[in-house]
Amino acid sequence: MKKTLLFLFLLITNIVTAQETFTRKDSLHGGLRFERTCFDVLHYGLNITVKPDEKYISGSNFIIFKVVENTKKIQLDLFENMKVDSIFIGTVGVENDVIFEGEYIKLNYTREYNAVFIDFPEELKKGSTEFLEFYYSGKPLEANNAPWDGGFVWKKDKNGKPFVGVAVQGVGASLWFPCKDSQSDEPENGASIKVAVPNGLMNVSNGRFIGSEKLKNNFTRWDWEVKNPINNYTITLNIADYVHIHDNHKGLDLDYYVLSYNEEKARKHFEEVKPMMDCFQSKFGDYPFKEDGYKLVETPYLGMEHQSAVAYGNKYLKGYLGNDLSRTGIGLTFDYITIHESGHEWFGNSITSKDIADMWIHEGFTQYTEIVFVECQLGYEKAMQYAKGLQKNVFNSSPIIGNYGVNNEGSGDMYPKGALLLNTLRHVINDDTKWWKLILDYSTTFRHKIIDTETVIVFFNKESGMDLTAIFNQYLRHTSIPKLEYKIENKRLFYKWTTNETNFFMPIDIKINGKSKRIYPVNAWVKSNFKVKPTDKIEVSDNFFVKKSFENN
């Protein structure tokens with residue numbers, strides 16, 4: 001069973017597909033046409049009721065936005081299986097940080113696939129702040145294998161009580177609530193999330209708990225507030241018979257919401273969060289969402305990086321459901337879901353890719369946080385063993401950057417291959433003081449920002465003082481990794497790179513009879529300035545993720 005689960009993880013994250021074709025529906029979801037770029041979302045205010053027995057939700061999203069360009073139409077998104085009940089626009093103002101509302105006007109709209117095009121009776125003027133109340137209802141799509149395929153998960157706990165969650169990375173948040181469903185725009189003033197559920201259950205969402213209110217229909221509404229900008233896909237709800245465990249570590253609130261019968265094991269198991277926070281904050285800077293606190297929330301699926309409300313479903317096991325993805329034994333020294341999904345708070349939630357084609361910015365950096373955690377806990381050598389073990393998980397099936405503008409992620413290799421790219425760059429730079437400063441500065445410079453691959457490359461080039469562009473491009477934009485070819489002729493070592501990138505240059509470390517030496521291959525054969533014998537033992541460092549080919553004459 002364990003081997004089957006491990007195989008499924010690797011298969012799901014590295015599916016090889018035929019030549020992909022994209023449709024109008026894809027470009028409506030992934031593209032940035034005028035109807036999306038003409039406005040900037042400032043705040044989402046969800047207020048919904050969830051009926052678990054009926055698998056049904058209804059309510060509204062109060063959307064405040066700023067007009068960037070004069071327009072009479074904008075695009076919001078809601079999956080076509082969900083009903084648009086009505087949409088209103090009203091006047092809005094702010095006085096002493098209090099939002100007040102004026103007259104509401106019902107708006108006309110048209111739908112095309114999952115896109116909702118909203119028409120305004122008068123042109124909205126650049127610089128104005130507007131708000132919409134978007135009412136909707138329906139049965140959201142269910143996930144067959146969350147979090148991989150996305151959707152609602154309607155389960156029962158072992159006491160027969162509803163155990164409900166949602167995970168929509170990739171498929172889109174508009175699966176369950178109306179929004180501007182693009183990673184290019186986050187509500188910079190955060191979000192409020194109010195969810196009414198049957199009495200006896202609790203809802204846990206992102207941010208801070210504001211309070212609960214018993215309603216007249218045997219439902220209780222649970223109110224949460226997010227102060228920081230937040231990705232659409234990490235806005236969440238979690239409904240269950242939860243108990244709340246509170247802790248504090250060096251001024252950071254730690255809150256755990258777990259099924260009532262798992263409280264004792266959770267208290268012990270989640271102690272791992274404290275050394276994790278010490279490690280990550282020392283390497284990546286302060287926890288990015290202190291105002292919203294840090295939570296682990298038990299879910300009926302494996303996990304997801306929901307901002308300030310990390311989904312946890314690893315069954316209180318070490319590794320990945322008790323498996324070691326590195327196959328080294330080291331992966332069983334920590335809970336994979338706690339460490340990986342929490343790493344996303346820095347990489348994915350704080351630093352977000354503009355287009356999901358660049359999701360390696362989330363997943364590659366976050367898998368690298370696992371290597372960093374191992375190094376914090378067990379030292380450099382164990383971290384490099386763990387990294388080497390991850391090499392077996394790279395399929396090189398297709399590039400890890402997807403197609404832009406069509407809501408298309410690249411290969412699942414973005415996880416291990418992205419992490420191994422970073423580990424390779426560390427050893428290319430060959431100066432740990434510079435490396436850790438670069439990683440810290442990257443995390444803090446782009447804190448709460450939306451970026452793309454080009455931004456990452458430019459930053460790494462500038463801070464390292466090296467031109468790493470060809471290295472990034474080879475690992476990110478091509479299927480294959482660099483191949484080091486080397487041979488011995490006339491008592492000299494010859495070496496070269498075989499790559500898709502032209503003018504590829506990357507130094508690499510080797511050992512000759514146990515003695516370390518750095519060589520500087522290019523795309524043509526280079527003759528070494530040192531002598532070797534055919535009987536010499538030549539080893540290429542495993543800290544560089546490359547293929548190796550020795551031509552023995």
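Everything numeric here is computed off the predicted structure, so don't read it as measured data.
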*asked:* Check whether H249 reaches the backbone of L254 with its side chain - one donor and one acceptor, N or O, closer than 3.5 Å.
replied: no
*Examine distances only and state if a side-chain atom of D324 and a backbone atom of T328 form a donor-acceptor pair shorter than 3.5 Å.*
yes
*asked:* Can you list everything that forms a side chain to side chain donor-acceptor pair (under 3.5 Å) with D223? Sequence neighbours excluded, please.
replied: R221
*asked:* Can you see whether F39 has K180 sitting over its ring - NZ or CZ less than 6.0 Å from the centre and within 45° of the normal?
replied: yes
*asked:* Do K250 and D278 make a side-chain contact, defined as non-hydrogen atoms from C-beta onward lying under 4.5 Å apart?
replied: yes
*Under the side-chain contact (heavy atoms from CB on, under 4.5 Å) test, which residues partner A173, sequence neighbours left out?*
V168, F177, C179, D181, N232
*asked:* My understanding is that only residues two or more places apart in sequence, or in another chain, count here; which of them pass salt bridge (charged side-chain N to carboxylate O under 4.0 Å, His left out) with D40?
replied: none
*Heavy-atom pair of closest approach, residues I400 and M414*: CG2-N, 3.4 Å
*CD1 on I481 to CG on L421, rounded to 0.5 Å*: 11.0 Å
*Give the ring-plane orientation class for F347 versus Y442, where under 30° counts as parallel, over 60° as perpendicular and anything between as tilted.*
parallel
*asked:* For K283, I'd like to know if atom NZ has over 12 heavy atoms of other residues, nucleotides or ligands within 6.0 Å.
replied: yes
*Given Y475 and T424, is the side chain to side chain contact (heavy atoms under 4.5 Å, CB included) satisfied, shown in steps?*
CA-CA 10 Å; Y475 285 88; T424 298; 4.0 Å; yes
*So, for S205 and V195, which heavy atoms are closest and what is the spacing to 0.1 Å?*
OG-CG2, 4.3 Å
*Does the pair N396 and K417 meet the rule for a side chain to side chain donor-acceptor pair (under 3.5 Å), with working shown?*
CA-CA 8 Å; N396 288 319; K417 193 172 179 180; 3.0 Å; yes
*Anything under 30° is parallel, anything over 60° is perpendicular, the rest tilted; go ahead and classify Y257 against H244.*
parallel
*Report yes if some heavy atom in the side chain of I235 is under 4.5 Å from a heavy atom in the side chain of N206; otherwise report no.*
yes
*Between the side chain of R447 and the main-chain N/O of S350, is any donor-acceptor distance below 3.5 Å?*
no
_Could you check whether any side-chain N or O of E272 sits under 3.5 Å from a backbone N or O of D335, counting only pairs where one atom can act as donor and the other as acceptor?_
yes
*asked:* In terms of relative ring orientation, are Y136 and F134 parallel, tilted or perpendicular, with 30° and 60° separating the classes?
replied: perpendicular
_Is there a side chain to side chain contact (heavy atoms under 4.5 Å, CB included) between T236 and W224? Walk through the geometry before answering._
CA-CA 11 Å; T236 193; W224 298 82; over 6 Å; no
*Which atom names give the shortest non-hydrogen contact between S282 and C279, and what distance separates them?*
OG-O, 2.6 Å
*Do T338 and N314 touch side chain to side chain, with heavy atoms closer than 4.5 Å?*
no
*Where the side chain of N114 meets the backbone of E80, is there a donor-acceptor pair that is under 3.5 Å apart?*
yes
*So do the side chains of Y404 and T453 get within less than 4.5 Å of each other, counting heavy atoms only?*
yes
*State whether the number of non-hydrogen atoms from other residues, nucleotides or ligands found under 6.0 Å of K318 atom NZ is greater than 12.*
yes
*Output the distance between atom CG (N403) and atom CD1 (I401), rounded to the nearest 0.5 Å.*
10.5 Å
*asked:* Among residues at least two apart in sequence or on other chains, which ones pass salt bridge (charged side-chain N to carboxylate O under 4.0 Å, His left out) with R267?
replied: E263
*Are any side-chain N or O atoms of N81 and backbone N or O atoms of K139, one a donor and one an acceptor, separated by less than 3.5 Å?*
yes
*Using a strict cut-off of less than 4.0 Å between a Lys/Arg side-chain nitrogen and an Asp/Glu carboxylate oxygen, indicate whether E375 and R426 qualify as a salt bridge.*
yes
_Nearest non-hydrogen partners of S464 and L468, listed with the distance_ = OG-CD1, 3.6 Å
_For a 4.5 angstrom cut-off between non-hydrogen side-chain atoms, does L476 reach P399?_
no
*Which is it for Q183 and M359 under the side chain to side chain contact (heavy atoms under 4.5 Å, CB included) test, yes or no, and what are the steps along the way?*
CA-CA 10 Å; Q183 289 182 187; M359 284 293 284; 3.5 Å; yes
*Does the side chain of Q307 reach to within under 4.5 Å of the side chain of N228, using non-hydrogen atoms?*
yes
_If I take atom CE from residue M276 and atom CZ from residue F334, how far apart are they, to the nearest 0.5 angstrom?_
12.0 Å
*asked:* As an exercise, state the distance from NZ of K265 to NZ of K315, rounded to the nearest 0.5 Å.
replied: 9.5 Å
*K295 (side chain) donor-acceptor with G207 (main chain) under 3.5 angstrom*: yes
*Evaluation steps, side chain to side chain donor-acceptor pair (under 3.5 Å), between N349 and T234*: CA-CA 8 Å; N349 297 347; T234 70; 4.7 Å; no
*Considering only heavy atoms from C-beta outward, does the side chain of T369 approach that of F284 to under 4.5 Å?*
yes
_I need the N543 CG to M384 CE distance, nearest 0.5 Å._
6.0 Å
*List the atom of A311, the atom of T299, and the distance in Å for their closest heavy-atom pair.*
CB-CG2, 3.5 Å
*Look up atom CG in D241 and atom CG in D157, then write down how far apart they are to the nearest 0.5 Å.*
6.5 Å
*Output yes when E271 and K274 qualify as a salt bridge under the 4.0 Å nitrogen-oxygen rule, no when they do not.*
yes
_Donor-acceptor contact below 3.5 Å, side chain Q377 vs main chain P275_ = no
*Could you check whether the rings of Y316 and Y312 sit parallel, tilted or perpendicular, using 30° and 60° as the cut-offs?*
tilted
Contacts table for residues 59-68: side-chain donor-acceptor under 3.5 angstrom, sequence neighbours left out:
unit_1, atom_1, unit_2, atom_2, d
S60, OG, E133, OE2, 2.9
N61, OD1, G45, N, 3.1
N61, ND2, P178, O, 2.7

_Sequence neighbours excluded - salt bridge (Lys or Arg N to Asp or Glu O under 4.0 Å) pairs with any residue from residues 344-363_ = none
*asked:* One pair to check against side chain to side chain contact (heavy atoms under 4.5 Å, CB included): D247 and F270. What are the steps and the verdict?
replied: CA-CA 10 Å; D247 203 348; F270 291 156; over 6 Å; no
*Do the non-hydrogen side-chain atoms of F365 and V456 ever get within less than 4.5 Å of each other?*
yes
*asked:* Quick check: closest heavy atoms across V171 and H29, and the distance to 0.1 Å?
replied: O-CE1, 3.0 Å
*Output yes when a side-chain donor or acceptor of S308 lies under 3.5 Å from a complementary backbone atom of Y294, and no otherwise.*
no
*Expected output: side-chain D149 to main-chain N144 donor-acceptor under 3.5 Å*: yes
_ring-ring contact (aromatic ring centres under 6.0 Å, His included) assessment of W346 paired with Y287_ = CA-CA 7 Å; W346 283 264; Y287 176 70; 5.8 Å; yes
